[in-house]
Every structure is written in C-alpha cells, then in structure tokens.
Protein chains: 2
Amino acid sequence: METVKIFELSKEYLEHLRESIAEENVSFIRESMEGAKKADIAAILDELNMEEALFVLRTLDPGYSADILIELDEDPQYKVIKAMEPSELATLIDHMESDDAVDILNQLVVKDREAVISQLEQKEKSLHIIELLRYDEDSAGGLMAKEFIKANLNWTVVQTIEEIRRQAENVDKIYSIYVVDNKEKLIGRVALKKIILASSETRIGDLYEDNIISVPTYMEGEEVAEIMRKYDLEAVPVVNVKNKLVGRITVDDILDLIREQAEEDIQAMTGITDDVEESDSVYRLSRARLPWLLIGIVGGLMGAGFIGFFEEGLSAVTALAFFIPLITATGGNVGIQSSTLVVQSLANKSVFEDSLLKRFIKVLLVAVLNGLVLAAFVLATVVFMYGQDIQFAFVVAIALFSVVLLASFMGTLTPIVLDKIGINPAVASGPFITTANDLLGLAVYFTVATLLLNL
Amino acid sequence: METVKIFELSKEYLEHLRESIAEENVSFIRESMEGAKKADIAAILDELNMEEALFVLRTLDPGYSADILIELDEDPQYKVIKAMEPSELATLIDHMESDDAVDILNQLVVKDREAVISQLEQKEKSLHIIELLRYDEDSAGGLMAKEFIKANLNWTVVQTIEEIRRQAENVDKIYSIYVVDNKEKLIGRVALKKIILASSETRIGDLYEDNIISVPTYMEGEEVAEIMRKYDLEAVPVVNVKNKLVGRITVDDILDLIREQAEEDIQAMTGITDDVEESDSVYRLSRARLPWLLIGIVGGLMGAGFIGFFEEGLSAVTALAFFIPLITATGGNVGIQSSTLVVQSLANKSVFEDSLLKRFIKVLLVAVLNGLVLAAFVLATVVFMYGQDIQFAFVVAIALFSVVLLASFMGTLTPIVLDKIGINPAVASGPFITTANDLLGLAVYFTVATLLLNL
C-alpha cells in the first residue's frame, strides 16, 4: 500500500485507455480500473469524449458506474446523461442515494426525467426522488438524502441493529441513528458507538441524546454549512415544518458546496459573472468576463467626460494629469479592502454586532490613520522627487486623503446597503466599488484642485 | 424541541450574565448554560472581558469548560489561557483531545508550556502532546489527533468492541476502526457499521477494506482538505514515513481550515496582509491594510513620473488625459480576472493540464474577442458622444485593445511564475497585478498616442 493510494493517473494510461476503447478491449478497461477510487476514474473520464466515457460506463459494473457518474465534472456529466437511454440511466440511478439521483435528474427536461423515474426498479426510491425534486436545489431539502437510519423511541438496541442490517445496503455512511416518536417527530439521536456498547435489550429511549441540532428543509445550503462547521457535525438531520424527520445531509456534500461557494465569491469579486474554469470554451470565458468589463468601460468613459469639464484647468496645470492614476488606484484599493472586510463580517453574522454608528467611527479612524500616512508620503515625494511646488503637492495630498476617507465609507456602506435590500454583497461589491471609486476619486481630485489652485 | 435548537443568544441574556458574574451568582450561570452547545457558550464568552470569561470557565464543569475554551475566538482564547495557572490549564487539557490540547499549548511560551504538560494527570496524553508539538501547525501532523481506534489484523470483532469500550471516553467521534499489522503498519479500515453487523468471532482480517486512503504527516493541511473533499472522507488516517499509523484527522477540523483559507485568500487578493476581522483594533486593521496601499501609491507615483515624460504631448492634446482612467481601470479589471482564473486552476491541479502553449493561445483568443468588443464600443462612443476626431478615437481604441491583450498575458503569467518559484500565487496576484497593469496601461497608451498622433 502506498501512503496515499490513488489510481495511477498518467497521460500514458489515458492513451492506453483510449486505444482499448477504440478496440473495445473490455477486459483491459475492467482490470485496470478495478479497485480504483470513483473520484479518480471520474477524473479520467472527464478527459475522454462523450462516446468514450459512455463506453467505459457501460463496461463497468452498474453500481460502480453510478458512483463514477456522480463524480464527473458538470459538462461531461451532462453530455453522458443526455446520451443515455432512459432505461440505462434508470439502472444507474437505482444504485445511487436519493440526493445524488436528484442531482442527475435535475439536469433533464421534465419529460425525460419522468421517463427515467417510471423505469426505476425500487418503488420506494422513486417516491423519495419525486419528493426531493420538489425542493430548491440550494436548500437543505435539495441537499438532503432520504437514506438514513431512524429508530423509534420504544425500540430496543437489538431491533435497531436489525433496522441497520435491513438498510445497510442503502445507507452508505451511518454516523448516528435518529430517534423519532410515534408521530415520526425527531426527538434525538444515538451515536453508533453507543449502539455497539449498549446491551441488546436496552431501550433506545434510555440511550438517546435529546440535545440535537436539526435544520428545516427551507434553510439555505450556505447556512447549513455554517451550522455544521460551527457545531462540528458530520451529518445533520432535516425536518419539515412539523418537525417530522424527512432527510439527512452529510458533510461530504457540504465540502463540495463550500468549495464552489468560495470560488464563486472570488470570481464575483473580480467581475466574472458565470461559474467558469480556465478549461471552459473561449466563448464561455469571454461571455462571463465581458459584462463587468463593459461596466468598467462605461465608468471610464464617464470619467473621461468628467475630466473634460476641467479641460481648461488641465491645460493650465498639465501636472494635474500626472497624478490621475495615483488617485483612482488608491480609491479602488481602499474601497475593495473596506468592502471585503464588511462582506466577510456579514457572512459571519453575530447577534452581538456593534451598532452602525460604532462601526462607522472605526472605519473613520482606520481611514484617517491610513490616509495621513499615505498623504504625508505623497506630499514629500511630490515636492522632493518631482520638484513640484508645495501648493500643488498639497492639492494631491489633500485629494488623496479625502479619497481614502470617501472610499472607506463607500466600501463599507455599499455591501451593507446591498445586504439590506437582499442582493448578495459579494457579487456586486468588487467591480462596482472599483468603478464607483474611480469616479469618486476624480471628482474629489479636480474639486480640490479647482478650489486650491483657483483654476 | 425547536427546529434548530441553539442556545438563546440575546443582549438581554448577556446583560443578565454579566450581572450574575459580578454578583458571583454561580447557580444562575450553571443553570442557564446547562445543555447548551459549547459553540454557543463560546460565542457568549467572546463578548465578555477576560476576568468575566475566566469566572464562567471556572464555574462550569472542567470537561465542559475544556470544550468551550477550544471554541473561543483567537483573542479571548489567548487572554484566558495567559491568565490561567498551569495547574488549572492542565486540568482542562486533561479533558481535551490531543489535537485541541496542542492548539492551546502552542500559544504559550516553551517554559509555560512545559509547566502545564508536567502537571497533566494522564501520562499517555502528555506523551501524545509532546509528540504532536513537533509537527508544523499547518501540516497533517499538526492537524491530527492521537485519539482513534485501531485494531490488529488478528483480533476478533469481540476484541475490537472491547477496545472501543476501553477508548470510548477518549475518542469522541468514531467512524472507522483502523486496521494495523503486527508492526503497527496501517493496512486498512473497517466501518463501524460492519462491526455492528458482523458476528462476534469474525476476524478483523476477514472484514477490513484494504483500499484505504491515508496521508503522510508532512502533507500540507490544504492538500489534506482537498483529498477529504475529493474522496468524501469524514476522517483520514495519518501515517509516518514507514507507513505506521500515527494519528487521525477529522472533518470538523478541515471545515474550520477551509473557511479560514477562503477568507485569507480573498483578503490576500485585496491586499490585506494579516488575517483581520472587522472587529479587530483600529491599529491592527490599519497595519494590515497599509503595506499594499503604499505599494499602490508607489505604483501611482511611478505612473506620475511616467506621464511626466509625455508632458509636451499632453499639453498639445489635453484630451489624452481624459482617457487615462479608462485605460488603467480596464487594464486592472482584465488583469485581475485573468489571474483569478489561473490561481483557481492552480489550486485544482490536474495531471491532464493543457500545455502552456495551448493555454496561452486560449488566453489570446479570449483577449482578442473581448478586446475587439470593448475597443469598438469605445471607438464609437469617443467619436459620436464626445465629438473627438476619428484619429484620436483610434488612438484610445487601439491602446485599449493592446492593454486588454497585455493585461491578459500579465494576469495569466504572473501567478504561473509565482507558483513556479514557490510563492503563493493568491497572495501576490491581486494588488500586484492591479498596480503593474496601471503602469503597463499608461506605457501602452502614451506610446500609441506618440506614434499615431506624431507628438
């Protein structure tokens, strides 16, 4: 055994696999993939074209193929699903847990979806799937699976073990047994460890922990993730409005969700509007980037119009133009720093928030401190290195100081306002703040110049 | 039971608690906190001052206090630890799992740390802690705990259950039993579910799965997180260079790590150099933000010097100044978008990377496409809305197109180069790219202007 035993992913193997697919060399495919982790096989299939990937999935055991299909990247997964016959897809879905089955079915149009569901072998699973399809994909209901172990309050340990045995095939990961009363309401949980150590005739009612955390079906995925992180949960039960136990969310799905979220947040901050990867098509990449670039361009053109108002003053003091980039860049940098801190504190909301006034006083203090340091540095440089007269240097320094102050407020206020009116502050803060601060910086700069230099 | 049963966090409770602490009303503190989740109590203690928090921790049961201490925020945690007597801290550490104990001890100077360790009650735990203190905090060794269940290949199920019973107190979360050979080498695992369903006399050797993923002690935490996400693991065993099982990392620690990482990445992108929160002190916030603001200022001053070279041309055609913000902003926006995509693809490295040449051709195509759209838009606006002559409009449009191309390459190349020379590309990409692209944009703009307008 190697330290990290993963499948040997190499270009050589990929080539060899492609040849075997072309030659329909089924035994090479089966043997070389035997015992490999599903995530590794999926990474290989992501590199193949649709026909090749489909051939491999048809070659392997359906239970294994089902696991691999779930792990495929979005694009290849969609292509393979679209290419499969309903009966073929139904066979794979019969081997999936219900949450994964729903993720796959959600990619089909309603007609195809129903064709697949009608061909499922297990009646119970199709009912589960139909139930789960009702929930929003990003809600707890959309994330949960119907596979979990529950025990009635009045059962004994032996009865519970029997239930585990009955469900062992369907439920891949068992961490706890959820305890319900006669009305199926969730009242607690028993760790698997306790089941092992208890004597056979112990009643579940004497064993369970009632201080259990559950989430409602309508809770947003991001909030579920935060609850699981905060309370160190590997799984969380999901209940409906009547507190009836309806599903379970496991931490592996949450890890995927958190990664996607983090990537999307960063992309949103840099004005990439669609969830793209470097490997996506030129057209998709271009389309995801253009909207915010265009908004930046409109901002730049407005800035040009704005500077145009001061054409006379600019002709009189050409040096004013030299420091335009200094002013706009600093405004942008300060603004994005401020908005980032606010967006992060909005994401980690606490009941004990400081009041708005207290927060703004702090923003003001940080801005004054940084603004003074930067303005002093610029004042000295403009006089001593660039040999400008002191009055002109003061114009630049005062403008810079004002821009630091204003950009701090803009950067702080924008996400708070966006959050209040229900827009994701991370999405709109980044490029919006930069563009707005460019304009703000120019306005301050030329106003200060006009006033102090009597232009 | 509520749907999400969490402790009632309110300002009213906080006030009441403060009064009870002042009055040393021990029974109110104990009763009001009974059964509350440790993370919720920690959130309340974070709001108290050090003496108040310490009073609460001393009031509660040591096992409970130990859990709460682990969950405290960095600053209040440090203050409380520093204020405790070695013997008092040792009592709490006796109730912690080894990884948490090490996180606490790592905050003390060596002398204090040894004073605490010498007073631990459990000899085994102090040996474990001393072992763990050797590892880098961000490595698998630094993240792992010494508490886990292992079984010898030759044990029966009954023997294994006996081991679980013996360790049940120490090991909070049991997901799998790790199987070792006579030399303590990791050879596989048995899910707890299988132990429950197997008959008592079954040999572990007949039950275990050998296709197990483990990580070496020296692996970086971020890589461990990616492995756990990819392979859907709730815990991963850690082995030393001889493949001896030495520890276990559970997913709850990984969730914390991922969140910190995501916040730090975003902060790094915006030029915040220290891991700060909105609630930190003015001084700390200011200090974390100044370095990159200063670098931006130096860039702006260099830009000023640069534009100064073209003073004559600028006097001749004042309108050139109008479009400076347009050029620098677009350069910055394009650069940060490009670098973000590269940084994310570097973070999700695949063996099947496209060659550098292929990636650059793609970058070129996206840049040409976006550059043409933006340049055409600007050309039309400058002529029709701003009434500039067509030759001047072409200068702006051509400069803009060139800037989009160059910024795309800069944005793509910089993180790749940084990664190659071993610098975290996320840290240096953001503010560096923006500043460098401002300068690049100015150079292109004035060069194109000089050539086309014969300045």
Side-chain angles (χ1 to χ4, degrees), chain A residues 3 9 35 37 39 47 165 174 192-193 197 211 216 229-232 234 251-252 255 258 262-263 270 272 278 282 285-286 289-290 293 296-297 300-301 303-304 307-308 311 314-315 318 321-326 328-330 333 336-337 340-341 344-345 351-352 365-366 369-370 374 381 438, chain B residues 3 9 35 37 39 47 165 174 192-193 197 211 216 229-232 234 251-252 255 258 262-263 270 272 278 282 285-286 289-290 293 296-297 300-301 303-304 307-308 311 314-315 318 321-326 328-330 333 336-337 340-341 344-345 351-352 365-366 369-370 374 381 438:
Chain A
T3 296
L9 298 171
K37 297 281 175 191
E47 300 298 315
R165 193 180 309 279
I174 307 178
L192 210 50
K193 174 173 90 171
L197 302 179
N211 191 4
R229 188 199 65 76
K230 186 172 171 192
Y231 297 107
D232 295 345
E234 58 284 303
V251 74
D252 50 328
L255 283 175
I258 291 174
E263 284 193 353
T270 58
I272 301 176
E278 214 199 344
V282 169
L285 282 168
S286 178
R289 293 168 64 165
L290 259 182
L293 289 181
I297 292 277
L301 287 169
I307 302 176
E311 184 161 8
L314 205 55
S315 313
T318 319
F322 302 173
F323 297 94
I324 290 177
L326 176 81
T328 55
T330 307
N333 290 344
I336 198 89
Q337 286 186 343
T340 299
L341 289 174
Q344 295 194 342
S345 95
V351 236
F352 305 114
L365 289 175
V366 174
L369 197 59
N370 285 350
L374 298 177
T381 314
D438 277 4
Chain B
T3 296
L9 298 171
K37 298 281 175 191
E47 300 299 314
R165 194 180 309 279
I174 307 179
L192 210 50
K193 174 174 89 171
L197 302 179
N211 191 4
R229 188 199 65 76
K230 187 173 170 192
Y231 297 106
D232 295 346
E234 59 283 304
V251 73
D252 51 329
L255 283 175
I258 290 175
E263 284 192 353
T270 57
I272 301 175
E278 215 200 345
V282 169
L285 282 168
S286 178
R289 294 169 63 165
L290 259 183
L293 290 180
I297 292 277
L301 288 169
I307 302 175
E311 184 162 9
L314 206 55
S315 313
T318 318
F322 303 172
F323 298 94
I324 290 176
L326 175 80
T328 55
T330 308
N333 289 344
I336 198 90
Q337 285 187 343
T340 298
L341 289 174
Q344 296 194 341
S345 95
V351 234
F352 305 114
L365 289 175
V366 174
L369 197 58
N370 285 351
L374 299 177
T381 314
D438 278 4

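Chain letters run A, B, ... following the sequence lines, proteins first and then strands; every chain starts at 1.
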What's the separation between atom CG in A/Leu365 and atom CG in B/Leu285, rounded to the nearest 0.5 Å?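 Interatomic distance, A/Leu365 CG to B/Leu285 CG, rounded to 0.5 Å: 10.5 Å.
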Report the distance from atom CG of A/Leu192 to atom CG of B/Leu192, rounding to the nearest 0.5 Å.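 So the gap between those two atoms works out to 4.5 Å.
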With only heavy atoms counted, which part of A/Asn370 is less than 4.5 Å from chain B, the side chain, the backbone, both or neither?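 Contact with chain B involves both backbone and side-chain atoms of A/Asn370.
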With a 4.5 angstrom heavy-atom cut-off, could you sort out which part of A/Val366 is near chain B: side chain, backbone, both or neither?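 Backbone plus side chain of A/Val366, per the 4.5 Å heavy-atom cut-off to chain B.
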At a 4.5 Å cut-off on heavy atoms, which part of [X] comes close to chain A: side chain, backbone, both, or neither?
X: B/Ile272; answer: both
X: B/Asn333; answer: both
X: B/Ser315; answer: both
X: B/Leu197; answer: both
X: B/Ile174; answer: side chain

Against chain B, work out which of [options] has the most heavy-atom pairs shorter than 4.5 Å and name it.
options: A/Leu369, A/Leu293, A/Ile324; value: A/Leu293
options: A/Leu314, A/Thr330, A/Leu341, A/Leu326; value: A/Leu326
options: A/Thr318, A/Ile297, A/Ile258; value: A/Ile297

Quick one: list whatever passes salt bridge (Lys or Arg N to Asp or Glu O under 4.0 Å) with B/Glu263, sequence neighbours left out.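 Result, salt bridge (Lys or Arg N to Asp or Glu O under 4.0 Å) vs B/Glu263: none returned.
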Taking A/Lys37 for the side chain and B/Asn211 for the main chain, is one N or O donor matched with an acceptor at less than 3.5 Å?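 Looks like yes, one N/O pair under 3.5 Å.
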Max heavy-atom pair count under 4.5 Å with chain A, selected residue of [options]:
options: B/Thr328, B/Thr381, B/Asp438, B/Leu301; answer: B/Leu301
options: B/Gly296, B/Ala304, B/Ala329; answer: B/Ala304
options: B/Ala39, B/Gly308, B/Ser286, B/Ala321; answer: B/Ser286

Just jot down the side-chain contact (heavy atoms from CB on, under 4.5 Å) partners of B/Asp252, sequence neighbours excluded, or say none.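 Listed in chain order: A/Asp232, B/Thr250.
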